[in-house]
2 protein chains.
Amino acid sequence: MGISKTENYTFEQLELSKLAKVLGHPARIAILEFLIQKQKCICGDIVDELPLAQPTVSQHLKEMKAVGLIKGNIEGNSICYCIDEKVLQMLLNYIQNISEKLEIKNKCC
Amino acid sequence: MGISKTENYTFEQLELSKLAKVLGHPARIAILEFLIQKQKCICGDIVDELPLAQPTVSQHLKEMKAVGLIKGNIEGNSICYCIDEKVLQMLLNYIQNISEKLEIKNKCC
DNA sequence: TTAATTTATTGCAATATTGCGATAAAGATT
DNA sequence: AATCTTTATCGCAATATTGCAATAAATTAA
């Protein structure tokens with residue numbers, strides 16, 4: 001994050017920006033959409049689907065998991081990934097809130 | 001975006017990731033929230049509010065404008081910035097759509 | 001016209017992200 | 001045990017982002 005520090009922002013601002021940042025790459029959007037479609041899948045399924053190598057997909061999944069967007073459960077020697085609705089709901093609520101505020105009183109120049 | 005190219009993803013995936021990326025920095029979340037609260041403001045107001053120098057704020061505003069999140073109208077020697085609801089609505093619709101799909105059939109592991 | 005105000009741009013250093021080959025780790029299969 | 005399958009981690013190069021001082025550009029005010 002360069003020179004400016006986390007202490008300059010609220011917890012909510014930091015959480016939201018972290019979540020948005022994770023969605024800020026087309027590969028991770030594609031992974032999200034694949035997970036919606038399949039409900040759950042393993043890393044290898046995504047590697048077959050996307051034009052990315054296995055370590056790259058693994059890294060993207062790690063970042064998505066770190067912000068709580070997906071869960072991963074060990075099933076045998078593979079890991080079953082799926083979307084965790086909670087964080088997505090938080091993002092939805094936030095944007096909905098902004099939209100409502102704008103509808104009421106957006107006086108744009 | 002490194003080695004992988006834009007042609008590997010759909011237009012929608014690229015648009016959405018660009019929008020999310022812009023929200024993926026706490027300073028830009030703070031700018032967004034400030035704009036909601038004030039309805040409209042000039043660059044200098046944000047500089048006074050945030051712990052960032054004027055060129056940095058100007059750069060953040062430029063990025064937010066590039067994805068259509070905000071509009072800027074020249075008013076005398078200053079520029080009046082405000083939120084453009086259209087793009088925000090697109091983001092809202094997208095996340096709402098995902099949430100609905102998950103509610104129906106999320107069978108997580 | 002000169003100075004003040006306001007925003008944008010340039011150029012640079014520091015840091016972060018992206019992608020992947022090589023390899024490790026760990027359970028499953030034979 | 002040896003091998004296969006699957007995912008994670010390491011290390012590196014290439015690229016992108018962030019922040020800001022200095023400066024430019026453009027309008028307003030005196």
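Every chain is numbered from 1, with letters handed out A, B, ... down the list of sequences. Please read these numbers as outputs of a predicted model, since none were measured by experiment.
- At the phosphate of C:dT17, neither OP1 nor OP2 sits under 4.0 Å from any side-chain N or O atom of A:His60.
- Atom NE2 of B:His25 is separated from atom C1' of C:dA16 by 11 Å (rounded to the nearest Å).
- B:Glu63 and B:Gln59 form a side-chain donor-acceptor contact under 3.5 Å, judged by distance and modelled atom types alone.
- A residue-by-residue look at A:Gly24 and A:Ile74 shows that A:Gly24 has its nearest nucleotide of DNA chain C further toward the 5' end.
- For the 3.5 Å distance criterion, the side chains of B:Glu33 and B:Gln37 fail to qualify, holding no donor opposite an acceptor.
- For B:Lys62, taking side-chain heavy atoms from C-beta onward, the closest of the listed nucleotides D:dT18, C:dT9, C:dC20 is C:dT9.
- Dashed line: the shortest gap from a side-chain N or O of B:Lys21 to OP1 or OP2 of D:dT17 is under 4.0 Å.
- For the pair A:Met64 CE and C:dT17 P, the interatomic distance rounds to 16 Å; values are reported in whole Å.
- Between the P atom of D:dT6 and the CD atom of A:Glu75 lies a distance of 13 Å, rounded to the nearest Å.
- Rounded to whole angstrom, the span from the NZ atom of B:Lys18 across to the C1' atom of D:dA16 amounts to 15 Å.
- Applying the ring pair (Phe, Tyr, Trp, His ring centres under 6.0 Å) definition to pairs two or more places apart or across chains, none involves residues 33-55 of chain B.
- D:dT17 atom P lies 17 Å from atom CG of B:Leu52, rounded to whole Å.
- Side-chain nitrogen and oxygen atoms of B:Thr56 include none within less than 4.0 Å of the OP1 or OP2 phosphate oxygen of D:dT18.
- Judged by distance alone, with hydrogens and angles left aside, the side-chain atoms of B:Thr56 form no donor-acceptor pair with the main-chain N or O of B:Leu52 at under 3.5 Å.
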Protein-to-nucleotide contact annotation, 5' to 3' order, nucleotides 3-8 of chain C [B base; S sugar-phosphate only; - none; under 4.0 Å, heavy atom]: --BSBB

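- Linking Ile, Leu, Val, Met, Phe, Trp and Tyr whenever their side-chain heavy atoms come within less than 4.5 Å leaves B:Ile42 and B:Ile74 in two separate clusters.
- Heavy atoms only, all atoms of each residue included: B:Met64 and B:Ile31 are closest at SD-CG2, 3.7 Å.
- Looking only at side-chain heavy atoms (C-beta outward), B:Ile83 and B:Ile36 come within less than 4.5 Å of each other.
- Between the P atom of C:dT18 and the CD1 atom of A:Ile29 lies a distance of 12 Å, rounded to the nearest Å.
- Residue A:Asn73 contributes atom CG, which lies 16 Å from atom P of C:dG27 at whole-angstrom precision.
- Separating the CD1 atom of A:Ile46 from the C1' atom of D:dA8 is a distance of 14 Å, rounded to the nearest angstrom.
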